[in-house]
Amino acid sequence: MKHVDYALEGNVAVLAFANPPVNSLGFALRRDLVEGLERAIADPAAKAIVLIGAKGTFSAGADIKEFVTGEIARAPSLWHMITAIEMSPKPVVAAIEGLALGGGLELALACHFRVAHKDAKVGLPEVKLGLLPGAGGTQRLPRIIGVEGALNVMLGGTPLPIALFAKSPLFDRVADADLRAAAVAFASEAAAKGELPLIRNIRIREPNIEALCQFARNTARTAFAKYPAPLAIVECVYAAATKKFDDGMAEEAKQFRALVEGPESAALRHIFFGERAANRIADVPDDTPLRDIRSVAVIGGGMMGTGIAICCLNAGLPTHLLEVSQDALDRGVARVRENYEGQVKKGKMKPDKAAERVALLKPTLSYDDIGGDDIVIEAVFEDMGVKEQVFRKLDQVMKPGAILATNTSMLDINHIAAFTRRPADVIGTHFFSPAQVMKLLEVVRGAKTAKDVLATTMKLAKALKKTAVVSGVCDGFIGNRMIEQYSRQAMFLLEEGASVQQVDAAVEKFGFMMGPFRMSDLAGNDIGAHIRKRRYVETPSVIYSKVADKLCDLGRFGQKTSAGWYDYKPGDRTAYPSSVVDELVAAHRASIGVKTRKIDDREIVDRLVYALVNEGAAILEEGIAQRASDIDMVYLMGYGFPIYRGGPMLYADTVGLYAVVQRMRQFAANPHGDPAAWKPSPLLARLAAAGGTFNANTGGAA
Ligand code: T1G
């Protein structure tokens with residue numbers, strides 16, 4: 001048995017399972033566990049059995065990868081294992097330390113007894129994967145801790161300290177020190193008593209079951225409208241309280257199967273692995289030596305610079321904030337203080353914690369003060385001339401080995417690196433505004449960026465609680481390069497007859513947090529205008545609608561000017577339809593002589609989303625992104641793509657790439673706009689023709 005160590009301690013057989021890193025209950029471990037159980041049951045010297053996780057953790061549950069490989073159901077399945085435990089003629093004791101999550105906790109619930117270390121945590125996080133505890137958790141947990149507690153555990157999905165269950169019979173003993181010894185002693189006592197209690201035999205007595213479950217259903221329907229798992233969990237718990245155990249198990253199995261096959265769970269499992277895969281860089285070994293990051297300097301005290309500084313302060317890093325004038329510096333410091341005052345006011349942070357963080361901020365006007373910092377992140381005006389000044393200065397003042405990072409959102413990192421004598425130390429750290437809120441960080445690797453600089457920056461991103469995605473150098477990196485195609489289609493749709501409101505509403509109904517026009521008003525319409533001006537010179541053959549330029553000619557830059565694609569009232573972020581924009585669009589349509597037509601929401605969504613997908617395929621093929629799930633992480637964490645659809649590339653896989661290409665052909669037949677935009681990227685065309693997908697294992701391990 002490779003994954004289970006069998007040892008006899010007195011009259012107790014101890015089965016220690018080892019399937020690093022988290023003892024996930026994959027087929028091999030399940031097979032060895034059942035074999036170990038059978039050996040213990042047949043062993044006359046063993047009067048009781050202890051199950052314990054080697055290396056300090058019990059089990060993180062089923063092996064999520066097996067949902068895609070299909071091995072999840074391979075006998076002995078989790079269900080077979082649990083039956084073997086319940087049929088044991090000898091008491092089986094689960095000894096829990098570290099984590100017992102999902103199927104790991106369900107395994108423990110099937111045991112006759114549970115002994116836990118006082119610092120252990122348990123939970124049923126399946127809901128975060130769009131699933132429900134499918135190995136009896138919905139039936140056993142309510143029987144041992146009550147309906148209300150079980151609903152909270154399963155709908156919350158987070159690991160919980162075992163102390164929370166002190167008043168329930170969930171744990172038969174809590175160990176302060178040596179869990180293994182405590183569990184063996186308990187098992188030996190249990191053998192002497194000869195009892196074999198099973199949770200499945202407990203009847204739930206919950207007089208308020210109808211009201212409780214109705215309340216839970218209403219909560220599930222409102223709070224998780226797009227996700228079927230919470231409601232399914234409530235139905236299973238209701239069955240546990242109103243049906244026999246086996247009937248409740250049948251209900252759980254039915255609900256579980258539906259969820260596993262649903263797109264929402266595929267998306268959430270894709271995200272689980274995609275977030276972790278993004279950390280892996282093909283040519284940068286995991287054991288690459290890292291540079292020490294003990295202090296940071298941020299250049300620029302504007303919105304971005306102070307947001308980045310706040311991220312660093314939140315990670316406990318002493319942070320210089322450098323500005324060129326006292327007035328600008330004071331404004332930056334004030335913005336940092338306001339952020340923490342707001343956190344305290346909302347009750348999200350204790351005053352002393354806020355004060356501790358602000359104390360780490362070191363405002364300065366002098367480059368001489370930052371030379372000793374381990375990394376400097378520049379967040380100055382998005383202009384190559386300004387970047388040149390800053391990086392030439394940084395090259396002079398920063399100590400050898402300091403990392404020089406730029407927050408540019410699309411300028412050429414290689415060009416910036418060339419302003420220094422140390423291009424290997426230069427890297428892009430593209431934060432998304434507001435930096436202290438948005439999880440996404442595009443880490444842009446220059447041609448000469450050293451591997452340890454890249455690895456160090458990825459580790460810093462984790463400390464800043466960011467989902468970091470590595471991008472190669474191209475105009476717009478991953479996110480902005482794709483959003484440009486998305487915006488082009490939005491403008492063409494406006495010319496062809498859709499209204500600003502219709503486009504936004506269609507895209508928001510699809511699940512985006514914000515449609516393209518509201519998003520542009522938030523980011524600033526002038527940013528797009530600035531980029532298009534460059535495009536008109538660099539790529540004159542690419543067709544752009546001029547409607548957005550006309551909007552900017554009126555100074556309608558968006559929320560910051562209280563007028564953009566929508567009208568805004570001071571202090572109110574509500575987007576009000578604007579008659580000025582309606583007139584501008586009508587005049588623009590007349591000026592280009594376009595014959596408007598009725599456009600349905602489906603066309604709007606498909607054109608915007610497939611424009612993302614097509615550009616994403618090019619980015620993938622060029623190696624700008626390492627893998628399709630990285631592109632999905634960018635869109636989910638930085639651009640408000642609906643989580644339950646898993647990102648543009650997974651969504652395209654779900655639709656089917658052949659169907660996507662067929663739909664693009666229809667759009668290419670439309671003479672308006674830019675038919676060339678609908679030429680499938682070579683990778684997309686190849687995959688569509690071969691029946692392939694962008695994500696090797698759609699919905700599972702990336
Ligand atoms: N299955 C497969 N791989 C897993 C895994 C799992 N359950 N949990 C972690 N990993 C991998 C992860 O991909 C990473 O791999 C490595 O382990 C370290 O993880 C029937 C259906 C346990 C809190 O949802 O929450 O049981 O990237 O980086 O930050 O009812 O992992 O190194 O190659 O996250 O210390 C329910 C999911 C399953 C728990 C540890 N269980 N895992 O966090 O390390 S469904 C879960 C976590 C189920 C039954 C149902 C966390 C963690 P790699 P990590 P960490």
Side-chain angles (χ1 to χ4, degrees), residues 381-388 408-416 418 444 471-498 503 516-517 519-520 523-558 564-565 584-585 587-596 607-608 610-624 664-665 667-685:
F381 186 62
E382 193 72 344
D383 171 86
M384 196 54 98
V386 178
K387 307 288 187 192
E388 177 171 2
T408 182
S409 59
M410 57 170 36
L411 295 178
D412 185 331
I413 308 277
N414 297 326
H415 194 161
I416 292 172
V444 188
S471 171
V473 175
C474 70
D475 203 328
F477 313 138
I478 297 171
N480 284 344
R481 174 170 158 184
M482 288 166 66
I483 208 74
E484 192 167 333
Q485 299 312 318
Y486 172 92
S487 302
R488 279 180 73 206
Q489 290 306 320
M491 302 306 161
F492 292 142
L493 283 159
L494 208 52
E495 291 181 336
E496 293 174 61
V503 173
F517 294 104
M519 183 179 71
S520 185
N525 299 318
D526 47 329
I527 293 174
H530 190 63
I531 293 164
R532 285 190 303 277
K533 276 200 182 63
R534 202 154 47 86
R535 291 278 184 274
Y536 299 155
V537 173
E538 290 164 358
T539 52
S541 64
V542 178
I543 302 167
Y544 285 84
S545 162
K546 296 295 187 294
V547 68
D549 297 337
K550 294 180 178 174
L551 185 84
C552 290
D553 291 344
L554 300 179
R556 294 179 71 96
F557 296 155
W565 291 107
L584 179 146
V585 171
H588 172 71
R589 286 171 180 161
S591 73
I592 60 173
V594 67
K595 191 172 172 335
T596 59
R607 280 175 61 173
L608 291 177
Y610 295 164
L612 291 177
V613 172
N614 200 27
E615 195 63 25
I619 284 170
L620 202 49
E621 183 147 42
E622 293 165 25
I624 295 293
M664 289 168 63
R665 278 206 195 98
F667 298 147
N670 172 0
H672 188 75
D674 180 359
W678 295 113
K679 184 175 181 307
S681 303
L683 173 64
L684 172 55

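Since this is a predicted model, take the numbers as computed values, not measurements.
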Could you tell me whether the side chain of Ser520 and the main chain of Pro516 form a donor-acceptor pair under 3.5 Å?
no

Using a strict threshold of under 4.0 Å (side-chain N to carboxylate O), is an ion pair present between Glu496 and Arg589?
no

Parallel, tilted or perpendicular: which fits the ring planes of Tyr536 and Tyr544, with parallel below 30° and perpendicular above 60°?
perpendicular

Taking all non-hydrogen atoms of both residues, which atom of Pro680 and which atom of Met664 are closest, and how far apart?
CA-CE, 3.7 Å

Within 45° of the ring axis of Phe381 and under 6.0 Å from its six-membered ring centre, is that where the NZ or CZ of Lys387 lies?
no

Quick one about Ser591 and Lys550 (side-chain donor to acceptor, distance below 3.5 Å, no hydrogens or angles considered), yes or no?
yes

Kindly check if the number of other-residue, nucleotide or ligand heavy atoms within 6.0 Å of CZ (Arg534) is above 12?
yes

With rounding to the nearest 0.5 angstrom, report the CG to CH2 distance, Leu551 to Trp565.
5.0 Å

Roughly how far, to the nearest 0.5 Å, is CG of Asp553 from NZ of Lys546?
11.5 Å

Does any part of the side chain of Glu382, heavy atoms only, come nearer than 4.5 Å to the side chain of Met410, both counted from C-beta?
yes

Student check: side-chain heavy atoms of Val594 and His588 closer than 4.5 Å
no

Is there side-chain contact between Asp526 and His530, with heavy atoms separated by less than 4.5 Å?
no

Main-chain N/O of Gly564 paired to Arg556 side chain as donor or acceptor, under 3.5 Å:
yes

Show the numbers, then the answer: is there a salt bridge (charged side-chain N to carboxylate O under 4.0 Å, His left out) between Asp549 and Lys533?
CA-CA 9 Å; Asp549 297 337; Lys533 276 200 182 63; 5.9 Å; no

Would you please name every residue forming a salt bridge (Lys or Arg N to Asp or Glu O under 4.0 Å) with Asp674, sequence neighbours left out?
Arg488

Could you check if a side-chain atom of Leu494 sits within less than 4.5 angstrom of a side-chain atom of Ser545, using non-hydrogen atoms only?
no

Which atom names give the shortest non-hydrogen contact between Phe557 and Cys552, and what distance separates them?
CE2-O, 3.6 Å

Whether Thr408 side chain and Leu411 backbone form a donor-acceptor pair below 3.5 Å
yes

Taking 4.0 angstrom as the limit, do Arg532 and Glu484 come out as a salt bridge?
no

For the pair His672 and Phe492, name the ring-plane relationship: parallel under 30°, tilted 30 to 60°, perpendicular over 60°.
perpendicular

If you look at every heavy atom in Leu684 and Ala617, which pair is closest and at what distance?
CB-CB, 4.0 Å

Walk me through it: do Arg607 and Trp678 pass the test side chain to side chain contact (heavy atoms under 4.5 Å, CB included)?
CA-CA 9 Å; Arg607 280 175 61 173; Trp678 295 113; 3.8 Å; yes

Verdict with reasoning, Gln485 to Tyr610, per side chain to side chain contact (heavy atoms under 4.5 Å, CB included)
CA-CA 9 Å; Gln485 299 312 318; Tyr610 295 164; over 6 Å; no

Under the 3.5 angstrom rule, does the side chain of Asn614 hit a backbone N or O of Lys679 as a donor-acceptor pair?
yes

How far apart are the closest heavy atoms of Ile619 and Ile478, and which atoms are they?
CD1-O, 3.7 Å

Please round to the nearest 0.5 Å and tell me the distance separating atom CZ of Arg481 and atom SG of Cys474.
4.5 Å

Quick one: closest heavy-atom pair of Ala490 and Phe517, and the distance?
O-CZ, 3.7 Å

Pair Met519, Tyr486 - check side chain to side chain contact (heavy atoms under 4.5 Å, CB included), show working.
CA-CA 12 Å; Met519 183 179 71; Tyr486 172 92; 4.3 Å; yes

Assess, by modelled atom type and distance only, whether the side chains of Ser681 and Glu621 contain a donor and an acceptor separated by less than 3.5 Å.
no

Should Asp475 and Arg535 be marked as a side chain to side chain contact (heavy atoms under 4.5 Å, CB included) after you check the CA-CA gap, both sets of side-chain angles, and the distance that decides it?
CA-CA 11 Å; Asp475 203 328; Arg535 291 278 184 274; 3.0 Å; yes

Gln489 side, atom CD; Leu612 side, atom CG - distance, nearest 0.5 Å
10.0 Å

